[in-house]
Amino acid sequence: MESQRMTWLYDRHHSLKHNKAERQAILSTYRLAKRPTLSSEGMVGESCIVRTNCFSVHLESLDDQTIYEYDVCVTPEVGINRAVIRELVKQQKDSGLGGRLPAYDGRKRLYTSGPLPFDSHRFLVLLDSIEDSPEESRHLRVRDFVVTLKFAAKISLRTLRKFRGGKPNRGSRAALRALDVVLKELPTARYTQFAGSFYSPNLGECRQLCKVLESWRGFHQRIQATQMGLQLNIGQIPTIHRGVSSSVFIKPVPVVDYVAQLLNEDILLDRPLCSTEFLKIKEALEGLKVQINGNLFNTYHVQDLVHQAASFPVNFSIQYPSLPCLKVAHFGETILLPLEVCKIAEGQCHQKQLNAKHMAALLQVARQPPNERDYNILQTVHQNKYQEDPHAKEFGIKIEEKLVSIKSRILPAPWLKFHDSGETTEFLPQLGIWNMMHKKMIDGGRVKSWACVNFCWSVREYAARNFCYDLGFMCRESGMVFSVKPVLPLVIAKPGCVESALRTLHDDVMDILRPQGRKLDLLIVILPNNNGSLYGDVKRICETDIGLISQCCLAKHVLKMNKWYLASVALKINAKMGGRNTILVDALEMRLPHVRDTPTIVFGAHVTHPHPGKANSSSIAAVVASQDWPEVTKYAGLISVQACHQESIQGLFKVQDDPERGTTTGGMIKEHLMSFYRATKRKPGRIIFYRSVAIHVCLLTTIMRILMIQLQTYGLGTKRPRYYHVLWDENNFLAGSFQELTNYLCYTSATCTQSISVVAPVHYARLLSSRARCYIKPRSIGDSTSHTSLPSEEDSSAASETGSLPPIKDNLKGAMFFC
């Protein structure tokens, strides 16, 4: 059986799941991983010097400098530990703390530059003496706090010398963590902190996006050890922005103004809200902090939106009694506040979906050419005045205020192969860009049966028919087989009847095709520009209920019928139909590094987490794997649900006890190995696994032991590089050839005609994990445990606590339907 044929390859990986000793040995080796040999192969490309958003960090002495770590316990725990520790330092620095100025991480650790005059001590802190206490503490009933400090460890900075020599260890990571906390004391006290970054309207220009939203500039900082010494990285954050970032904050406006802007219309406040409006407002307000107009000392956290009468006395005349009330927490109790008497508290990040207009305005703010980006980063460092930071002085830290320059290489682009019937059969991308002019797809897919459904009333029937005709023509011109006529005439449906419309269309189509032994190859779906959860509904129904490959197109693109848009959609359709748009010439000629000599399967994995504030949601893992060799262009994908914010993928390996067959193994890895064998009739002799992971969960490594891929494409703004860490290598790869392979894989994405900074399998895994969030049904009024599904990773709904996702239909598992 096929499962028996693949056992030889799977057992090795399965044993790591249960063999603790072997797993610990691997982890130990991983921590001490050495950079692969560079050799002459690592000198390919044009040498150059690039500036980085890093600044050199100097310590007074690495040999005899020691940092002392203390455990912190604050009781009672009410969420204002930093204010309590700040007051403790203010009262006890020169007495109980022995003149030391500690650095606090906000949770359980406190660091000092020398020993405190005790191993363990309890302090009583009274918050009433705070002159500028945070707004969260002004209404607290509890004012007395007990702070217990207990010695935990001595951290020698000498370990950083070994790190610089390429030997990371536990001590060096502890030292870096301590120094990182020290340098974050200044921005933590000065700026608004959100998701690990620091924001302020005073950091550069504050741009207004609309009446209630504005863009603040911000930065993220992290200290890192490299072979060039310690460096402070400014702005290396995992968002669409690089360096100095922009984020959207809500202005301190009345809640009713925020609601009116949210609905994008002049809301009639004297009428009840419809169910759609109610749910939209409910989603937007949950988790926000509000204040009562005229009383800025009390802040309330919004828990829900309810159709009930107010339960809190306010000195205001209620003009719109039909509007719902805010359900908020107050002194551990729940109260109801009318919308019109509340305002948004200052300094809150807007975590909800932006419409197209707001997103366009934000991108204009965020896009900056390199010279402006450099200037803003330098201005941030100058404004922070690290040289005057009392905590930096306390620990003997000095920071240079100029960007670090490093030696780099521009890796050559690979030659791309297209079909011989086109004018151009091979092409060398310039600056990472190419197009399909005078070229044909190397392997065109077939669409022999298709249909179209239109959910947008503004797109007339003739416009939809013309669009489908032009799209089919573009597909045929690009090298596909695409039937001229649809199976059924154009279907027009209402967005509110999406499920019944799709099922009815599919039934009608199959009544025609089933007697012929055929199926529907493609469904073209026309959507309104602002479609809410409609996109997610279409994808969920097509891919988990019916088993259809669909291509969604927004009304604005249908009406314009731009040929470049049609060409882009044609590439996606071809990939979904099992075709190939282009292939690397080196792959065809068996010259692709680390793939040419043996059948190789390439994996890509990504975990998408729920949006901040969705505590009852799950994370979704997606794993894709190549299904062809040596081309490495076709991929199949699998998804699984796991615990919220769990970065380690839980569904890779599974073990089950079967009463008849005994212990059986499974999981996404085994499924992909089996599908690779079925597709290629070969057993993979090598596995290459690319894992997308948030940078803060990666083990620290030196800058010379990683590959940095920088986009070489035209475009606005400054492109952000990606870092590739080699974590485990049983193949003894040379650094140069593996860098070349990784660079080449950035040119194989089927969804675009330019190189991307992430390898194609990781890009596909991201698309698939984002798509999986569409599989959760939209919530209805009164349901407080699920969330409306949306088509983007950042703003789409997450799986519920139950941890279940509807399975993808079997006929789609081998297709790249997620492109």
Side-chain angles (χ1 to χ4, degrees), residues 135-136 138-139 208-214 248-355 358 530 532-533 611-615 778-788 795:
E135 60 183 22
E136 291 88 346
R138 294 174 187 168
H139 63 280
Q208 178 172 309
L209 304 182
C210 64
K211 293 181 179 179
V212 300
L213 299 177
E214 58 187 5
V248 179
F249 283 76
I250 308 173
K251 294 182 180 180
V253 297
V255 172
V256 288
D257 291 350
Y258 180 62
V259 167
Q261 184 70 33
L262 181 72
L263 296 179
N264 199 27
E265 61 184 17
D266 293 329
I267 180 175
L268 300 176
L269 299 178
D270 57 351
R271 65 165 176 84
L273 299 175
C274 69
S275 59
T276 302
E277 293 171 336
F278 182 88
L279 285 176
K280 190 171 185 179
I281 296 172
K282 179 184 176 77
E283 283 282 341
L285 294 179
E286 283 179 346
L288 288 182
K289 293 183 291 184
V290 298
Q291 298 167 329
I292 297 177
N293 292 326
N295 181 8
L296 304 183
F297 292 98
N298 288 349
T299 302
Y300 309 91
H301 288 263
V302 178
Q303 297 177 335
D304 203 351
L305 191 67
V306 296
H307 283 299
Q308 297 180 25
S311 63
F312 190 78
V314 291
N315 297 322
F316 292 93
S317 175
I318 305 300
Q319 302 181 39
Y320 309 109
S322 59
L323 289 180
C325 285
L326 296 175
K327 181 181 178 181
V328 301
H330 183 66
F331 287 154
E333 301 175 356
T334 298
I335 60 174
L336 303 180
L337 295 174
L339 278 181
E340 57 189 292
V341 305
C342 298
K343 66 175 294 186
I344 305 294
E346 189 176 5
Q348 294 186 82
C349 187
H350 181 74
Q351 304 178 42
K352 312 299 180 181
Q353 183 182 21
L354 294 175
N355 60 32
H358 296 161
N530 299 317
S533 65
H611 204 276
K614 307 292 187 182
R779 79 185 195 179
S780 58
I781 296 179
D783 180 6
S784 60
T785 61
S786 60
H787 303 275
T788 305
D795 302 296

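The figures here come from the full heavy-atom set of this structure, side chains too, leaving out hydrogens, waters and symmetry mates. Note that the coordinates shown come from a computational prediction; the quantities given were computed from them, not determined experimentally. When a residue number appears, it is its place in the shown sequence, counting from 1.
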Supply the atom-to-atom distance [X] [atom1] to [Y] [atom2], rounded to the nearest 0.5 angstrom.
X	Y	atom1	atom2	value
Leu336	Gln303	CG	CD	10.0 Å
Lys327	Ile335	NZ	CD1	12.0 Å
Gln261	Ile250	CD	CD1	11.5 Å
Tyr300	Leu326	OH	CG	12.0 Å
Ile344	Leu288	CD1	CG	5.5 Å

Query raised in the report: Of the options Gln208, Gln348, His350, Glu346, which is the one that meets Lys251 in a side chain to side chain donor-acceptor pair (under 3.5 Å)?
Result: Gln208
Quick one: are [X] and [Y] in side-chain contact, heavy atoms under 4.5 Å?
X	Y	answer
Thr299	Val290	no
Glu340	Pro254	no
Asp304	Glu286	yes
Thr334	Val328	no
Leu323	Pro338	no

Query raised in the report: Of the non-hydrogen atoms in Phe249 and Cys349, which two are nearest, and what is the gap between them?
Result: CD2-N, 3.6 Å
